[in-house]
Amino acid sequence: MTNAEAAEILGRIADLLAISGANSFRIRSYRQAAESLESWGEEIEEVYAKQGLQGLRNIPDIGKSLAEKLEELLTTGQISLYQELLAQFPDGILELLQVPGLGPRTVALIWSELEIGDIDELEQAARRQELRELPGLGPKSEEKILASIARYRQGMQRALLGEILPLGEQLVSYLRDHPRVIAAELAGSARRRRATVGDLDLLATSEHPEEVCRDFAASGLLEEVTMAGDTKVSGLLAGGRSVDLRVVAPESYGAALQYFTGSQAHGVALRTRAQKMNLTINEYGVFKQRNGETGEKVAGATEEEVYAAVGLAWIPPELREDRGELEAAADGTLPDLIELADIRGDLHMHTTSSDGKCSLEEIAEACRQRGYNYIGITDHSPALRVAGGLTEEEIIAQIHWLAWRRTY
DNA sequence: GCCGTTTTCGGCCCGACTGTTTTCAGTCG
């Protein structure tokens with residue numbers, strides 16, 4: 001039982017509790033515990049073997065009850081609460097939550113009223129126009145659900161950062177060119193440089209957000225606009241990748257950039273810290289708070305200001321995952337991130353002698369200009385003749401050439 | 001269900017948008 005597997009089960013318990021209408025704070029406890037387990041450095045199997053129940057309780061967001069549930073999971077392979085919840089609902093109910101726009105309340109409603117327990121049944125009911133009879137749902141909801149099911153079935157996976165960044169930069173440059181836009185930036189997991197990115201989040205600042213939103217929605221960059229307000233536009237790129245744009249006033253730009261860069265866990269931790277200092281943070285700024293009343297604004301125009309307002313150094317987006325970066329920013333012990341200039345060499349390069357794109361000379365010159373200390377030329381051997389593998393003599397010639405160039 | 005330089009009880013991050021509502025619940029990020 002890995003931490004990731006245990007976290008998955010706690011997450012499903014949270015979903016099932018939500019559908020069954022449990023206390024929302026109890027549900028959140030399971031979600032937080034799941035997140036905590038995922039980022040915990042040591043496997044809970046080892047923790048439990050060494051320190052027992054108390055060891056589990058030392059993990060953040062794991063208290064008495066959840067430690068006991070994890071103990072049950074580790075010793076019996078299951079959690080009775082999970083089995084009981086599963087028995088209450090059909091197998092497909094959790095998949096219903098994967099449909100965009102369908103939350104636990106709606107899933108609970110369609111299950112209790114229409115006994116709809118999977119996506120196929122939901123689609124049929126929507127086509128028969130039965131959903132509109134339910135309280136709180138209407139024809140528009142039916143339409144949206146059908147569209148969401150189609151989108152869900154099409155399936156949009158997270159994409160590699162390298163595939164996403166060019167798309168994001170294209171959208172950002174549209175915004176920067178807009179006459180009403182003062183500044184624009186990529187936010188979300190793309191700005192945090194996560195290895196994979198799901199949605200593209202964009203932030204812009206303007207004195208006239210409604211014009212920017214209107215024009216962005218009409219720009220043709222989005223194949224489909226799913227939501228368009230005065231400060232927010234959501235839509236889909238050709239191919240189905242979803243995009244969210246938020247536009248805020250300049251005095252809130254830093255707060256909004258912080259807010260929409262995330263991660264969710266980092267933001268929650270930051271706002272919790274602010275609360276303890278009688279401050280409240282939202283996407284418009286940092287405000288003093290007294291007896292639940294929001295007072296004077298103390299920061300918001302830049303991210304540096306926002307972090308400084310809660311006694312922290314500015315935290316690079318790459319570190320914003322709630323894995324100790326707040327504590328490090330408070331102590332002044334944030335690590336220096338690796339920069340391009342730190343790269344001292346490259347040990348895997350092919351030349352045009354086999355299947356590379358540049359000649360040995362071009363590569364050597366480009367690396368010299370980058371200030372590399374060393375390079376490794378790794379052309380194919382004769383064993384891979386199809387990729388233009390080099391003979392022994394050709395490799396020796398490369399070595400001679402490189403040795404000669406060292407004096408250059 | 002967790003947690004504690006306000007507290008062992010009583011809080012728990014915050015706001016935009018939509019659809020279905022005559023004032024708000026649900027969902028999302």
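Owing to the predicted nature of the structure, the values given are computational and were not obtained by experimental measurement. Proteins get letters first, then strands, A, B, ... in listed order; numbering begins at 1 in each.
Look at Glu185(A) and Arg176(A) and you find a salt bridge, because one of the NZ, NE, NH1 or NH2 atoms lies within 4.0 Å of a carboxylate O, short of that distance. Salt bridge status for Glu321(A) with Arg194(A): present, with a side-chain N to carboxylate O gap under 4.0 Å. Here Glu211(A) pairs with Arg180(A) in a salt bridge; the nearest charged N to carboxylate O distance falls below 4.0 Å. Ion pair Lys288(A)/Glu296(A) flagged as a salt bridge, since at least one NZ, NE, NH1 or NH2 atom sits closer than 4.0 Å to an Asp/Glu carboxylate oxygen. Glu8(A) and Arg12(A) are joined by a salt bridge, as a carboxylate oxygen and a charged side-chain nitrogen come within less than 4.0 angstrom of each other. Remark: Lys50(A) does not engage Glu46(A) in a salt bridge, criterion side-chain N to carboxylate O under 4.0 Å. At a threshold of 4.0 Å, the pair Arg191(A)-Asp201(A) does not count as salt-bridged, since none of the basic side-chain nitrogens sits closer than that to a carboxylate oxygen. Looking at Arg370(A) and Glu365(A), no side-chain N of the basic residue comes within less than 4.0 Å of a carboxylate O on the acidic one, giving no salt bridge.
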Provide a list of protein-nucleic acid N or O atom pairs under 3.5 angstrom, restricted to nucleotides 5-12 of chain B.
residue: dC12(B); atom: O3'; partner: Arg28(A); partner atom: NH2; Å: 3.4

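Spacing between atom CG of Asn282(A) and atom P of dA16(B) amounts to 8 Å, rounded to whole angstrom units. For the pair Tyr284(A) OH and dG15(B) P, the computed distance is 8 Å after rounding to whole Å. Distance CZ (Arg31(A)) to C1' (dG1(B)): 13 Å, rounded to an integer number of Å. In this structure, the CZ atom of Arg273(A) is 16 Å from the P atom of dC14(B), given to the nearest Å. Asp61(A) has its CG atom 11 Å from the P atom of dC13(B), to the nearest Å. At whole-Å resolution of the value, CG in Leu109(A) and P in dT21(B) are 12 Å apart. Atom CZ in Arg132(A) sits about 12 Å away from atom P in dT21(B), given to the nearest Å. Remark: C1' of dG1(B) and CD1 of Ile79(A) are 14 Å apart, rounded to the nearest angstrom.
The side chain of Thr231(A) contributes no N or O atom lying less than 4.0 Å from OP1 or OP2 of dA16(B). Using a 4.0 Å cut-off, some side-chain N or O of Arg26(A) falls inside it from OP1 or OP2 of dG1(B). The side chain of Ser141(A) places no N or O atom within less than 4.0 Å of a non-bridging phosphate oxygen (OP1 or OP2) of dT18(B).
Of the nucleotides present, none pairs with dT8(B) by Watson-Crick or G-U wobble criteria with both distances under 3.5 Å.
Among the atoms of the strands shown, none is found under 4.0 Å from any heavy atom of Ser24(A). Residue-level contact check: Leu270(A) touches neither bases nor backbone, having no heavy atom under 4.0 Å from any strand. Using a 4.0 Å heavy-atom distance criterion, Ala228(A) is classed as a sugar-phosphate-only contact. Among the heavy atoms of the strands, none lies under 4.0 Å from Pro135(A). Pro209(A) comes within 4.0 angstrom of no nucleic acid atom, judged by non-hydrogen atoms across all strands.
Across dC12(B) and dT6(B), the matching C1' atoms stand 15 Å from one another, rounded to whole Å. Spacing between dT21(B) and dC14(B) at atom C1', rounded to whole Å, works out to 23 Å. Taking the P atoms as reference points, dC9(B) lies 31 Å from dG15(B), given to the whole Å. Here, dT20(B) and dT27(B) have their P atoms 13 Å apart, quoted to the whole Å. Here, dG1(B) and dT5(B) have their P atoms 23 Å apart, quoted to the whole Å. For the C1' atoms, the distance from dG10(B) to dA16(B) is 29 Å, rounded to whole Å. Across the C1' atoms, dC17(B) and dT23(B) are found 16 Å apart, a figure rounded to whole Å. Separation of the P atoms belonging to dC13(B) and dT18(B) is 26 Å when rounded to the nearest angstrom.
Using a 3.5 Å distance cut-off with no hydrogens or angles, the side chains of Tyr253(A) and Glu303(A) do not pair a donor with an acceptor. Side-chain polar atoms of His266(A) and Glu325(A) form a donor-acceptor pair below 3.5 angstrom. No hydrogens or angles considered: nothing links the side chains of Glu84(A) and Gln88(A) as a donor-acceptor pair under 3.5 Å.
Map Gly63(A) and Asp230(A) each onto its nearest nucleotide of DNA chain B; the residue landing nearer the 5' end is Gly63(A). Remark on DNA chain B: of its neighbouring residues Leu137(A) and Ser29(A), the 5'-side contact belongs to Ser29(A), judged by nearest-heavy-atom nucleotide.
Comparing dG19(B), dC13(B), dG1(B) by their closest approach to the side chain of Arg271(A) singles out dC13(B). Checking dG1(B), dT18(B), dA16(B) against the side-chain heavy atoms of Leu66(A) singles out dG1(B) as nearest. Comparing atom distances between the Val268(A) side chain and each of dC13(B), dT18(B), dG15(B) picks out dC13(B) as nearest.
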Footprint string (nucleotides 23-29 of chain B, 5' to 3'): B base within contact, S backbone only, - free, heavy atoms under 4.0 Å: ---SSSB
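Screening residues 348-378 of chain A for ring pair (Phe, Tyr, Trp, His ring centres under 6.0 Å) gives His348(A)-His350(A), His350(A)-His380(A) as the qualifying pairs, with residues at least two apart or on separate chains.
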